[in-house]
Colleague: 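Following this message is one structure expressed as structure tokens.
Per chain, numbering begins at 1; letters A, B, ... match sequence-line order.
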Protein chains: 2
Amino acid sequence: MAATLRDVARLAGVSTSTVSRALSLPDLVNPATRARVRTAADSLGYEPNKAARGLITGRTGNIGLVLPDLANPFFPSVVKGVQARARAADVAVFVADTDEDVAAEMDLVRALAKQVDGLVLCSPRAEAEDLKAIAADTTVVLLNRIVDNLPAVVFDHEDGMRQAVAHLAALGHRRIAWVGGPAASWSSDQRGQGLSQASAAHGVDLVEVGHFPPHYDGGMAAADQVVATGATAVIAYNDLVAIGLLARLHARNIPVPTRLSVVGIDDIAMSAMSHPALTTIRLPKQQAGRLAVELLLTLLDNPAAAPERRVLPGDLLVRASTTEAPQ
Amino acid sequence: MAATLRDVARLAGVSTSTVSRALSLPDLVNPATRARVRTAADSLGYEPNKAARGLITGRTGNIGLVLPDLANPFFPSVVKGVQARARAADVAVFVADTDEDVAAEMDLVRALAKQVDGLVLCSPRAEAEDLKAIAADTTVVLLNRIVDNLPAVVFDHEDGMRQAVAHLAALGHRRIAWVGGPAASWSSDQRGQGLSQASAAHGVDLVEVGHFPPHYDGGMAAADQVVATGATAVIAYNDLVAIGLLARLHARNIPVPTRLSVVGIDDIAMSAMSHPALTTIRLPKQQAGRLAVELLLTLLDNPAAAPERRVLPGDLLVRASTTEAPQ
DNA sequence: TTGAAAGCGCTAACAG
DNA sequence: CTGTTAGCGCTTTCAA
């Protein structure tokens, strides 16, 4: 069906190796022959067989992206960033969704690892040890997770939380509730810690109401506990949780923001559409995806390179869900 | 690094061909040797190299999924269905997002086609001719699109629209607006047609307000025109558009549903969270994804099989955004 | 039931 | 600068 290197060689009247070189290392071949080969290749619509090439070079030209849940709008943004950068480098992307299941995550990672040159693990929930084991025999870049000195792209959660607390403190809030995400989530952890520091610095009380699923239902579930803390403001693990909070507060006739201010994190599209629109920390999701691939490609070309870590700042977006503390 | 067939053969004291057979065609090999080979393979943690196998069998064990926009929650659901079914068959999935760009779509499809056994094209915007051309040299299953007799999984849009119109007509609505999606969208077309028929059957006026981008902004943009039609109910291309409508109507102080009833399509998670919650047509998205892979795998195993078409029904979910026609 | 041999499409020494 | 040779890891005739 498809033309092979030999077909091109035959047509151009040269050996297969010359064709191979003319196409991959043009400098090593006489301009005249190079042109002849190119013409032949074009006329046959020749496209190299990646599998065959990979067999010998050991590179597949594919990478894998593993993430917890595509239904959370945070992740599609990351996917877009990853794909954009990958496409530019002519590499294809396997995408795997773990459904927030730690066991499935490791299985998927291991299965993918054998078929790709490298892996981007986005917000992985697995144990640090397991991730290190994977990284020992596959090139891996972490996204939104730090494990020892594995290469990683992360958001500056600490700074984000500082901005959120500063904002609320300036509005007179003295007691802030924190609705955490999954216990296995590194970012939830980071945010919680950043929050502790920032609230100490601002002299406000921080009340943690526990861990909740990182979506709408989690927010619904957390709302009553938040209210019970007596806090005048709440920061949620992410926008989805914040929107769930909003829904439940609305149902209970607790006015936002007049009685309770609500802050989300991520800035997913939906957060601008909620009622009231959500104050949130915008995270450069696509950029993070692009950068992760960038790091991965660098590492693949130069395995000896030191593992890099890139920290991306987030920024506070003030919208209608936060206002001055009551009375 | 990884163990090869030869390593296993050596350890088991047999030839590579025997190992190959013991693992892929166990019946053709003596139970005793088979066991020996299996033990050897396990102890080495042997995993066959897919690329090498593909080189000879012509099958990669990979499929591709191309879709317009992961940021539209409709598509992640499809992805999940596709991945679930693919995983069960031990095939990996390349995912490509075209960003609703027709040209990019064809490029991606062509690029992917060479690296996979088959392709699932979800809601493709390309011309029928182009899709047929692709299908001529790659196994393709269409999802949410019909082109001649290519294999496809589709939703019964006509019936869905009938349900929507019946619902609104029963509530006394006599003039219904339709906000269409992208002009290149097959499903928008189908829905429009279904709507024409259903409204004729129910004796209600249908007013088409044109084509809009299939997301929140599209709904925002369409809202004023919808109001100007004097319709008492509006059906939107999808839930995202419907939610955009809701937002703009809210901003203009036009009460939903008392003054205007709003119906969406898809039943994305967000539609249950909007204010008011959205009446919509639920589409079995994951199931469609699973089915598409199912068809694809069947076709790959039996290329001679007649192209099948599966039609999945949607069902009306009545929520707070629809009520009786005013006065 | 098993092994030897050939070869999928390509790249990478190594000569020339 | 170019051709020859060897082989990546696997499956599949073909004989034995």
Colleague: Please find the pair of heavy atoms, one from A/Ala92 and one from B/Gln115, that lie closest to each other, and give the distance.
Modeller: CB-NE2, 4.0 Å

Colleague: Could you tell me from which nucleotide to which nucleotide of DNA chain C, 5' to 3', there is an atom under 4.0 Å from chain B heavy atoms?
Modeller: C/dT1 to C/dG9

Colleague: What is the distance, rounded to the nearest whole Å, between atom CZ of A/Arg10 and atom C1' of D/dG3?
Modeller: 16 Å

Colleague: State whether B/Asp137 and B/Lys114 are salt-bridged, where the test is any N-O pair (Lys NZ or Arg NE/NH1/NH2 against Asp/Glu carboxylate O) under 4.0 Å.
Modeller: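 No salt bridge links B/Asp137 with B/Lys114.
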
Colleague: Have a look at B/Asp117 and tell me which of B/Thr139, B/Thr60, B/Thr57 forms a side chain to side chain donor-acceptor pair (under 3.5 Å) with it.
Modeller: B/Thr60

Colleague: Generate the contact string for nucleotides 8-16 of chain D. Rules: B means base contact, S means sugar-phosphate contact only, - means no protein heavy atom under 4.0 Å.
Modeller: BBSBBB---

Colleague: Are the side chain of B/Arg36 and the backbone N or O of B/Ala12 linked by a donor-acceptor pair below 3.5 Å?
Modeller: yes

Colleague: Using the salt bridge (charged side-chain N to carboxylate O under 4.0 Å, His left out) criterion, which residues pair with A/Arg21? Sequence neighbours excluded.
Modeller: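 A/Arg21: no salt bridge (charged side-chain N to carboxylate O under 4.0 Å, His left out) contacts found.
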
Colleague: Kindly list each side-chain donor-acceptor pair under 3.5 angstrom involving residues 63-75 of chain B, sequence neighbours excluded, with atom names and distances?
Modeller:
{"from": "B/Asp69", "atom 1": "OD1", "to": "A/Lys80", "atom 2": "NZ", "distance (Å)": "2.6"}
{"from": "B/Asp69", "atom 1": "OD1", "to": "B/Ala71", "atom 2": "N", "distance (Å)": "3.0"}
{"from": "B/Asn72", "atom 1": "OD1", "to": "B/Phe74", "atom 2": "N", "distance (Å)": "3.0"}

Colleague: Taking A/Arg125 for the side chain and A/Pro182 for the main chain, is one N or O donor matched with an acceptor at less than 3.5 Å?
Modeller: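 Flag not set: sc A/Arg125 to bb A/Pro182 has no pair under 3.5 Å.
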
Colleague: My understanding is that only residues two or more places apart in sequence, or in another chain, count here; which of them pass ring pair (Phe, Tyr, Trp, His ring centres under 6.0 Å) with A/Tyr46?
Modeller: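 None.
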
Colleague: Please give the angle, rounded to 10 degrees, between the axes at the start and the end of the helix from C/dT1-D/dA16 to C/dG16-D/dC1, where five pairs define each axis.
Modeller: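 The value is 40°.
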
Colleague: Is the shortest distance from a Lys or Arg side-chain nitrogen in A/Arg87 or B/Asp107 to a carboxylate oxygen in the other one below 4.0 Å?
Modeller: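 Here A/Arg87 does not pair with B/Asp107 in a salt bridge, since their nearest N and O are not under 4.0 Å apart.
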
Colleague: Please check this pair: side chain of B/Ser185 against backbone of B/Gly181, looking for a donor-acceptor N/O pair closer than 3.5 Å.
Modeller: no

